[in-house]
Amino acid sequence: MLYPLKFQPILKEMIWGGKKIPQKLNVEVAEDVKIGENFAVSGLKNDLSVVSNGELAGKNMLELIEAYKGDLLGEKVYQQFGTNFPLLIKYIDANDDLSIQVHPDDELAKVKHDSFGKTEMWYVVDAEKGAGLISGFSKKTTAGEFETYHSSGKLMELMAKHPTAEGDAFFIPAGKVHSIGSGNLIAEIQQTSDITYRIYDFDRRDKFGNPRELHHELAMDAMDFSDDASGKVDYQAVVNSSVNVASCQYFTTNMLQVEGGLQKDYSEKKSFVILMNVGGACTIKANGVDVELKEMEATLLPAAINEVEISAEGTAKLLEVYIEA
């Protein structure tokens with residue numbers, strides 16, 4: 001019988017990373033290693049999540065899908081994606097600014113990379129004083145005007161900068177230029193894709209002294225030059241109730257703020273559900289299995305699970321993620 005699944009963290013060293021993720025997860029890393037991301041739930045071919053709890057411990061995501069098919073993903077999701085897990089669930093520690101970048105949509109990604117595109121959303125778990133991010137242009141522009149700003153060293157004048165605070169959420173469709181600024185701890189939900197086109201990287205060099213690769217021509221093909229929307233999402237959390245934060249064809253994300261105990265009925269859902277802890281601590285119980293979920297951890301509820309009990313120590317904030325199949 002399937003049960004709530006937790007996975008071994010997949011930690012990613014990044015030039016802009018820090019120490020917050022391993023500290024939150026109580027994982028030791030070398031002093032000189034900067035961790036930028038944790039892939040909490042991943043079906044990427046070279047980064048398959050591996051179960052860390054229960055009888056299925058040691059099984060990777062591909063093995064799970066091959067064994068349980070629609071019981072894991074949901075029948076319609078399995079029919080659409082087969083053995084490709086459709087979402088990548090991660091946490092990001094921006095100790096320094098990320099590059100200014102853009103992601104391709106499905107059509108462009110298919111042609112250029114035989115891959116899915118990358119639409120994503122961010123939830124700000126924590127933000128240091130003065131932290132912010134870039135989302136969209138400061139005004140509608142054109143490819144020619146963009147090239148003028150870029151070549152004259154004035155690109156930042158064209159970027160729309162937004163301050164961030166805990167609880168802020170931003171929806172970042174493919175084609176939107178963006179960057180996470182330093183001081184942000186972010187929960188990210190995205191399509192399963194690892195394609196990023198770097199536009200500008202602040203002239204940084206990697207640990208070997210080499211400038212990081214930029215992807216100007218690809219980015220020009222991918223960018224939506226008319227996008228001057230912030231992408232910021234307005235929502236109001238309600239205790240012990242699911243409140244929608246973002247919905248698109250690729251995923252639905254709700255805020256579920258839990259206090260005390262809560263029974264959830266997922267029988268109407270036609271897909272798996274992922275619960276991402278973005279604050280506090282809680283216990284998830286289903287099919288007789290208890291899973292403790294700390295901040296910066298996530299659990300996958302297979303589609304075959306209908307009834308779930310959630311109990312919180314004080315208040316727990318969960319992002320509830322699934323696919324509208």
Would a distance-only check, ignoring hydrogens and angles, find a side-chain to backbone donor-acceptor pair under 3.5 Å from [X] to [Y]?
X	Y	value
Ser271	Ile323	yes
Lys161	Met156	yes
Asn84	Pro86	no
Asn254	Leu256	no
Thr119	Ala174	yes
Ser241	Val238	no
Asp106	Ala109	no
Ser42	Phe39	no

Hey, are the side chains of [X] and [Y] touching, using non-hydrogen atoms and a 4.5 Å cut-off?
X	Y	value
Leu25	Met296	yes
Leu319	Ile189	yes
Thr253	Met121	yes
Ser99	Ile199	no
Leu293	Leu318	yes
Thr142	Phe225	no
Leu301	Leu275	yes
Asn53	Tyr3	yes

Hey, what do you get for [atom1] ([X]) to [atom2] ([Y]), rounding to the nearest 0.5 Å?
X	Y	atom1	atom2	answer
Gln191	Cys248	CD	SG	7.5 Å
His216	Glu147	NE2	CD	3.5 Å
Leu262	Ile310	CG	CD1	5.0 Å
Tyr250	Thr192	OH	OG1	12.5 Å
Thr196	Leu218	OG1	CG	11.5 Å
Asn184	Thr164	CG	OG1	3.5 Å

Kindly work out whether a path of hydrophobic side-chain contacts (I/L/V/M/F/W/Y, heavy atoms less than 4.5 Å apart) joins [X] to [Y].
X	Y	answer
Ile134	Met220	yes
Tyr78	Val321	yes
Leu72	Val50	no

request  = Write out all pairs satisfying ring-ring contact (aromatic ring centres under 6.0 Å, His included) with one or both partners inside residues 88-121, taking only residues at least two apart or from two chains.
outcome  = Phe81-Phe116, His103-His178, His113-Tyr197
ask   = Which is it for Asp96 and Arg204 under the salt bridge (Lys or Arg N to Asp or Glu O under 4.0 Å) test, yes or no, and what are the steps along the way?
value = CA-CA 11 Å; Asp96 197 358; Arg204 286 183 294 206; 3.4 Å; yes
Which atom pairs, donor and acceptor, lie under 3.5 Å between side-chain atoms of residues 61-70 and protein residues at least two apart or in another chain?
residue: Glu63; atom: OE1; partner: Asn60; partner atom: N; Å: 2.9
residue: Lys69; atom: NZ; partner: Glu66; partner atom: O; Å: 2.9

Non-hydrogen atoms of [X] and [Y] that approach each other most closely:
X	Y	result
Gly74	Ala303	N-CB, 3.3 Å
Gly117	Ser193	O-CB, 3.3 Å
Ala246	Phe171	CB-CD1, 4.3 Å
Gly167	Tyr235	O-OH, 2.5 Å
Cys282	Ile284	SG-CD1, 3.9 Å
Gly82	Leu73	O-CD1, 3.6 Å

Let me have the donor-acceptor pairs involving side chains of residues 4-11, under 3.5 Å, with sequence neighbours excluded, atom names and distances please.
residue: Lys6; atom: NZ; partner: Glu292; partner atom: O; Å: 2.9
residue: Lys6; atom: NZ; partner: Glu297; partner atom: OE1; Å: 3.0

message = Any carboxylate oxygen within less than 4.0 angstrom of a Lys/Arg side-chain nitrogen, looking at Glu120 and Lys90?
response = no
key: Whichever hydrophobic residues join Val111 through chains of side-chain contacts under 4.5 Å   = none
request  = Return yes if a side-chain donor-acceptor contact under 3.5 Å exists between Lys264 and Ser242, otherwise no.
outcome  = yes
Around atom [atom1] of [X], are there more than 12 heavy atoms of other residues, nucleotides or ligands at under 6.0 Å?
X	atom1	answer
Lys112	NZ	no
Asn26	CG	no
Lys269	NZ	yes

Partners meeting side chain to side chain donor-acceptor pair (under 3.5 Å) with [X] (sequence neighbours left out):
X	answer
Asp227	Lys176
Ser115	none
Tyr266	Glu320
Arg212	Asp201

Enumerate, atom names and distances included, each donor-acceptor pair closer than 3.5 Å involving a side-chain atom of residues 12-24, sequence neighbours excluded.
residue: Lys12; atom: NZ; partner: Asp47; partner atom: OD1; Å: 2.8
residue: Lys12; atom: NZ; partner: Asp47; partner atom: OD2; Å: 2.9
residue: Lys19; atom: NZ; partner: Ala30; partner atom: O; Å: 3.0
residue: Lys19; atom: NZ; partner: Glu31; partner atom: O; Å: 2.8
residue: Lys19; atom: NZ; partner: Val33; partner atom: O; Å: 2.7
residue: Lys20; atom: NZ; partner: Glu128; partner atom: OE2; Å: 2.9
residue: Lys24; atom: NZ; partner: Glu295; partner atom: OE2; Å: 2.9

ask   = Can you list the steps and then say if Phe272 with Tyr322 is a ring-ring contact (aromatic ring centres under 6.0 Å, His included)?
value = CA-CA 6 Å; Phe272 60 88; Tyr322 53 90; 8.9 Å; no
query = Would you call the rings of His162 and Phe170 parallel, tilted or perpendicular if under 30° counts as parallel and over 60° as perpendicular?
reply = tilted
key: side chain to side chain contact (heavy atoms under 4.5 Å, CB included) against Asp114, all qualifying residues, sequence neighbours excluded   = Lys110
task = Check side chain to side chain contact (heavy atoms under 4.5 Å, CB included) between Met1 and all other residues, then give those that pass, not counting sequence neighbours.
result = Asn287
query = What's the verdict on salt bridge (Lys or Arg N to Asp or Glu O under 4.0 Å) for Glu166 and Lys317, showing C-alpha distance, side-chain angles and the deciding distance?
reply = CA-CA 11 Å; Glu166 178 186 343; Lys317 295 179 180 180; 3.6 Å; yes
remark   = Residues pairing under salt bridge (charged side-chain N to carboxylate O under 4.0 Å, His left out) where one sits in residues 132-142, two or more places apart or in two chains, turn out to be Lys139-Glu145, Lys140-Asp228
